Amino acid sequence: MACDLILVLDEPSPRVVQPLLRALSGEIRWVKIGLQMFTACGPDCVREIADQGFKVFLDLKLHDIPNTVGHAVESAARLPIHMLTLHTCGGAEMMRRAVAAQQATRPDLLLLGVTVLTSMGTADLNAVGVPGAPEDQVLRLAQLATGAGLAGLVCSPLEIAPLRAVLPASTQLITPGIRPSGAKADDQTRVLTPAQAAAAGANFLVVGRPISQAADPAAAARSILAEIAGRGTAP
Ligand code: C5P
């Protein structure tokens, strides 16, 4: 299965990421703009980075009542983006309204459901009132999400195999929680290496700090691209 890298731009402004984007232009096709940059710079930063030729994954993780999320999807769909996230724990009706808004405005936009954050382990999940292990909750939310019409999911790489066993093969699986062997886990708990996640069947790997905090970020990104393509050293 083809697997591609999405470069995380968790910085306060597009200016900070320009040196890395210039260095990787032609090698990286996808970038992720999340809450940090979008809260600081808004839609302008999305347009600026899309104008440079990158495909933008806008990771807003929408989670509100169905009417509000539906209208937020309509607004986001007017931006030059190719992926947008919402939280599946917002429920089936919220997701149906989001899908209806996306279909009516941008049928080509990939709407992704975030299942359980990759920073959360069993104890964190139990503490917010969800019994069992993350995998059980991911499977439950994934079935709710695909039933509501979502074409893709964000999950930990550890859940790719169990999800692939029950979901249609066309479901796009996007996985943060990627750490090259030897890299710090930071606040992520459910992690795999790029080679392991690609081999498990992820469509896209989302990688931030292992690249942004490396001594040579462009080299770190190239090494992950090589590992995904099967040219790197798997652990
Ligand atoms: O720096 P790191 O590689 O951990 O970045 C992971 C990115 O993926 C962050 O931008 C985070 O917001 C996002 N994310 C995540 N877990 C999810 C969904 C998104 O870590 N379940």
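Quick caveat, the model's predicted, so the values are computed rather than measured. Along the sequence shown, residues are numbered consecutively beginning with 1. Atoms within each ligand, like the ligands themselves, are counted from 1 in listed order.
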Exercise for review: State, with a plain yes or no, whether a side-chain heavy atom of L79 is found less than 4.5 Å away from one of L58.
Suggested key: yes
Check your understanding: At a 4.0 Å cut-off, with the gap strictly under it, does some heavy atom of D186 reach an atom of ligand 1?
Key -> no
Practice item. Under the side-chain contact (heavy atoms from CB on, under 4.5 Å) rule, what do Q52 and S25 come out as? Steps first, then yes or no, please. Key: CA-CA 9 Å; Q52 292 175 251; S25 156; over 6 Å; no
Review point. Short list, please: which atoms of ligand 1 are under 4.0 Å from a heavy atom of V154?
Key: 18 (C)
Revision key, fill the gap. Under 4.0 Å from one or more heavy atoms of R209, ligand 1 contributes atoms 1 (O), 2 (P), 3 (O), 4 (O)
Review point. At what distance is the nearest protein heavy atom to atom 9 (C) of ligand 1, and which residue and atom is it?
Key: D10 OD2, 3.5 Å
Review point. Any donor-acceptor pair under 3.5 Å linking the side chain of Q102 with the backbone of L109?
Key: yes
Review point. If only atom types and distance count, is the side chain of D64 paired as donor or acceptor with the main-chain N or O of T68 below 3.5 Å?
Key: no
Exercise for review: Report the part of R179 (side chain from C-beta onward, or backbone N, CA, C, O) that has a heavy atom under 4.0 Å from ligand 1; answer both or neither where that applies.
Suggested key: side chain
Check your understanding: Within a strict 4.5 Å, meaning less than it, do heavy atoms of the V207 and L7 side chains meet?
Key -> no
Exercise for review: Give the single entry among T115, L117, L205 that approaches atom 21 (N) of ligand 1 most closely by any heavy atom.
Suggested key: L117
Check your understanding: Under 30°, 30 to 60°, or over 60°: which ring-plane class applies to F204 and W30, parallel, tilted or perpendicular?
Key -> perpendicular
Review point. Does some side-chain heavy atom of P180 sit less than 4.5 Å from a side-chain heavy atom of I224?
Key: yes
Point to revise | Identity and distance of the protein heavy atom lying nearest atom 7 (C) of ligand 1 | key: K32 CE, 3.8 Å
Check your understanding: For Q188 and T118, what are the C-alpha separation, side-chain angles and deciding distance, and is it a side chain to side chain donor-acceptor pair (under 3.5 Å)?
Key -> CA-CA 6 Å; Q188 300 284 12; T118 43; 2.7 Å; yes
Check your understanding: D59 and T85: side chain to side chain donor-acceptor pair (under 3.5 Å), yes or no, with the steps?
Key -> CA-CA 5 Å; D59 188 18; T85 47; 2.6 Å; yes
Revision key, fill the gap. For Q188, the atoms of ligand 1 under 4.0 Å from one of its heavy atoms are 4 (O), 6 (C), 20 (O)
Point to revise | Shortest protein heavy-atom distance from atom 15 (C) of ligand 1, along with the residue and atom involved | key: T118 OG1, 3.3 Å
Revision key, fill the gap. the protein heavy atom lying closest to atom 8 (O) of ligand 1 turns out to be P176 CB, 3.5 Å
Exercise for review: May I have the step-by-step check of side chain to side chain donor-acceptor pair (under 3.5 Å) for R140 and Q137, ending in yes or no?
Suggested key: CA-CA 5 Å; R140 184 180 303 124; Q137 177 70 349; 2.4 Å; yes
Point to revise | Numbered atoms and elements of ligand 1 in range of P210, under 4.0 angstrom, heavy atoms | key: 3 (O)
Check your understanding: What is the closest protein heavy atom to atom 3 (O) of ligand 1, and at what distance does it sit?
Key -> G208 N, 2.8 Å
Check your understanding: Which bit of D187 gets closer than 4.0 Å to ligand 1, counting heavy atoms only: side chain, backbone, both or neither?
Key -> neither
**Study point:** Minimum-distance protein heavy atom relative to atom 18 (C) of ligand 1
**Key:** K61 CE, 3.4 Å
**Study point:** Close N or O approach (V206, ligand 1; < 3.5 Å)
**Key:** no
